[in-house]
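Notes follow the structure.
Every heavy atom of this structure was used, including side-chain atoms; hydrogens, water molecules and symmetry mates were not.
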Amino acid sequence: MLHLSFHPLSSRFSFLPSKFPVTPSASHLPLFKPISLPPPHPLLLSSPCRRRLPPLPAADLSVLQSVTEASAVLAAIIVVHESGHFLAASLLRIRISKFAIGFGPPLARFFSSSGIEFSLRSFPLGGYVAFPDADDPEFPDSGVAPDDPDLLRNRPLPHRFLVVSAGVVANLVFAYLVLFSQCLSFGAAARQPLPGVLIPEVRPLSAAAVAGILPGDVILDAPSVYGLVDLIKSSPGKSIPLQISRKTLPNPFIVNVVPDTDSDGTGRIGVQLSPNFRVTRVRPANIFEAIRFSGVEFVALSATILEGLKETFLNFSQTAGKVAGPVAIIATGAEVARSSSDGLFQFAAVINLNLAVINLLPLPALDGGTLALLLVEAARGGQKLPRELEQRIMSSGVLVVLMLGLILIVRDTLNLDFVKEML
């Protein structure tokens, strides 16, 4: 995201993705579900004297490696996003003051020959690129005139629009390159449809759980995901017979489910639904086929994320628990990294696309909020909004995003299994 001044309250956060949807076009991975990490080695908790510590078990080293890989993927995605803003501003010869990964007090920083501060900061909630602004308390000491044509706020509307949108463009390009690399390394994903509708998740104490439905079951007589959803919604309090296939049983069986009545009067049974398919990998015959396969996968994943975002907003009370911060994202990425290198490519592509889509939302503190203000300015014939109004809008958004980010970090950390064992 952009940070248009030195003052913390005028930051525009590059906040992390809100939700990874488990939907039709992606393999069902338990993303944003914290993994089970082992407790720290007892000798690492306190070491009153210098002693040779025994080597960590192989399992601990694999966990450390997978967490490192997931953290590196997440950091790379944030760097890519902010580099998009930075590169666009540099090409347009717009003055830049800071490039930061994270927020809060700096852990490490250095200055380039042109005076730009590059820093790694304490709170891993995203990052920002900062531009000198005449309203900053530090601006008088910068030696830059308020009417300098190279200040971002003094540039024409198209230049500002390009700089603000460049972070999203960078994430989209990077997501495609990740999928292209995956296609060359492992082949393109080919989905073979299977009969029925898959149930990846069942909520405890829900109507489905009471009826005996388990995660991994397949509803054989469901016409489609949307057809089954319509049937359940239109049948609150009525018994619905479902033909279930379970891997541990040789033959299908019938389960009668009585949907609960939701607050809007429709039925619900407390399950997550997904098309049933098998994923195989097909090696591209040449570079052009790899480009085409990667494009198809890019469009499919983008549609999945948009559908998941729509589901989040339309059913926020039911999906709010799936909103995840950086801790849960890293935990999920670590689990994916331990399962397969192929999955880590998919994880990186999905998080890239998710970050791009989220940042396009017209909300204060996101790129989309800044773009919305620029569109308002364009609609007013190039007349800018009052500076005080713009600052109030963005400052309120920053506070909300910061509070949400801290809440998610605390919640996701407490939900990690090894933290639960220590409490």
*How about Ile269 and Ile240: do any of their side-chain heavy atoms sit closer than 4.5 Å?*
no
*Got a second to check how far Asn354's CG is from Ile305's CD1, nearest 0.5 Å?*
4.5 Å
*Could you label the plane-to-plane angle of the His85 and His81 rings as parallel, tilted or perpendicular, counting under 30° as parallel and over 60° as perpendicular?*
perpendicular
*Would you call Leu353 and Phe298 a side-chain contact if the rule is heavy atoms closer than 4.5 Å?*
yes
*Arg380 atom CZ: more than 12 heavy-atom contacts under 6.0 Å*: yes
_When you compare the side chain of Ile219 with that of Ile199, does any pair of heavy atoms fall below 4.5 Å?_
yes
*Please name the pair of heavy atoms, one in Asn276 and one in Gly196, separated by the smallest distance, quoted to 0.1 Å.*
CB-O, 3.4 Å
*With sequence neighbours excluded, residues passing side-chain hydrogen bond (donor to acceptor under 3.5 Å, both in side chains) with Ser234*: none
*Which atoms form the tightest heavy-atom contact between Ile96 and Ala130, and what is the distance?*
CG2-O, 3.5 Å
*Are the side chains of Lys233 and Asp262 in touch, meaning some heavy atoms are under 4.5 Å apart?*
no
_Is any side-chain heavy atom of Pro193 closer than 4.5 Å to one of Pro275?_
no
*Evaluate whether atom CG of Leu205 has more than 12 neighbouring non-hydrogen atoms of other residues, nucleotides or ligands under 6.0 angstrom away.*
no
*Evaluate side-chain contact (heavy atoms from CB on, under 4.5 Å) for Gln243 paired with Val255, printing each intermediate quantity in order.*
CA-CA 6 Å; Gln243 187 179 22; Val255 168; over 6 Å; no
*What closest approach, in Å, do Phe180 and Ser294 show between heavy atoms, and which atom pair accounts for it?*
CA-OG, 3.1 Å
*Once the angle between the rings of Phe103 and Tyr128 is folded into 0 to 90°, is it parallel (under 30°), tilted (30 to 60°) or perpendicular (over 60°)?*
parallel
*Exercise: identify the closest heavy-atom pair between Ala290 and Pro284*: N-CB, 3.7 Å
_Considering all heavy atoms, the nearest Val202-Pro215 contact_ = CG2-N, 3.7 Å
*asked:* Within this structure, what is the CD-CZ distance for the pair Gln182 and Arg281, rounded to the nearest 0.5 Å?
replied: 4.0 Å
*Tell me the salt bridge (charged side-chain N to carboxylate O under 4.0 Å, His left out) pairs involving residues 347-356, sequence neighbours left out?*
none
*For Phe110, what residues pass the ring pair (Phe, Tyr, Trp, His ring centres under 6.0 Å) criterion, not counting sequence neighbours?*
Phe118
*Taking it one step at a time, do Phe253 and Asn251 satisfy side-chain contact (heavy atoms from CB on, under 4.5 Å)?*
CA-CA 7 Å; Phe253 57 96; Asn251 299 313; over 6 Å; no
*Go through the steps to decide whether Tyr176 and Ile291 satisfy the test side-chain contact (heavy atoms from CB on, under 4.5 Å), and finish with yes or no.*
CA-CA 9 Å; Tyr176 177 82; Ile291 292 173; 3.2 Å; yes
*Calculate, to the nearest 0.5 Å, the distance between atoms CD and CZ belonging to Glu377 and Arg160 respectively.*
4.0 Å
*asked:* Quick check against the 3.5 Å criterion: does Ser122 have a side-chain atom that pairs as donor or acceptor with the backbone of Pro105?
replied: yes
*State, yes or no, whether a side-chain contact exists between Val225 and Ser274 at a heavy-atom distance under 4.5 Å.*
no
*Can you name the residues that form a side-chain hydrogen bond (donor to acceptor under 3.5 Å, both in side chains) with Glu117, not counting sequence neighbours?*
Arg109, Arg121
*Which value, rounded to the nearest 0.5 Å, describes the distance between Asn359 atom CG and Leu366 atom CG?*
5.5 Å
_Distance in Å, Leu228 CG paired with Ile232 CD1, rounded so as to fall on 0.5 Å steps_ = 4.0 Å
_Once side-chain hydrogen bond (donor to acceptor under 3.5 Å, both in side chains) is applied, do any residues pair with Arg292, and if so which ones, sequence neighbours excluded?_
none
*Roughly how far, to the nearest 0.5 Å, is CG of Leu374 from OG of Ser165?*
9.0 Å
*So, Arg283 side chain and Leu184 main chain: donor-acceptor pair closer than 3.5 Å or not?*
yes
_Residues in side-chain hydrogen bond (donor to acceptor under 3.5 Å, both in side chains) contact with Arg246, at least two apart in sequence or another chain_ = Asp217
*Do other residues, nucleotides or ligands put more than 12 heavy atoms under 6.0 Å from the NZ atom of Lys238?*
no
*asked:* On a heavy-atom basis, which atom in Pro241 and which in Ile254 lie closest, and how many Å separate them?
replied: CB-CG2, 4.1 Å
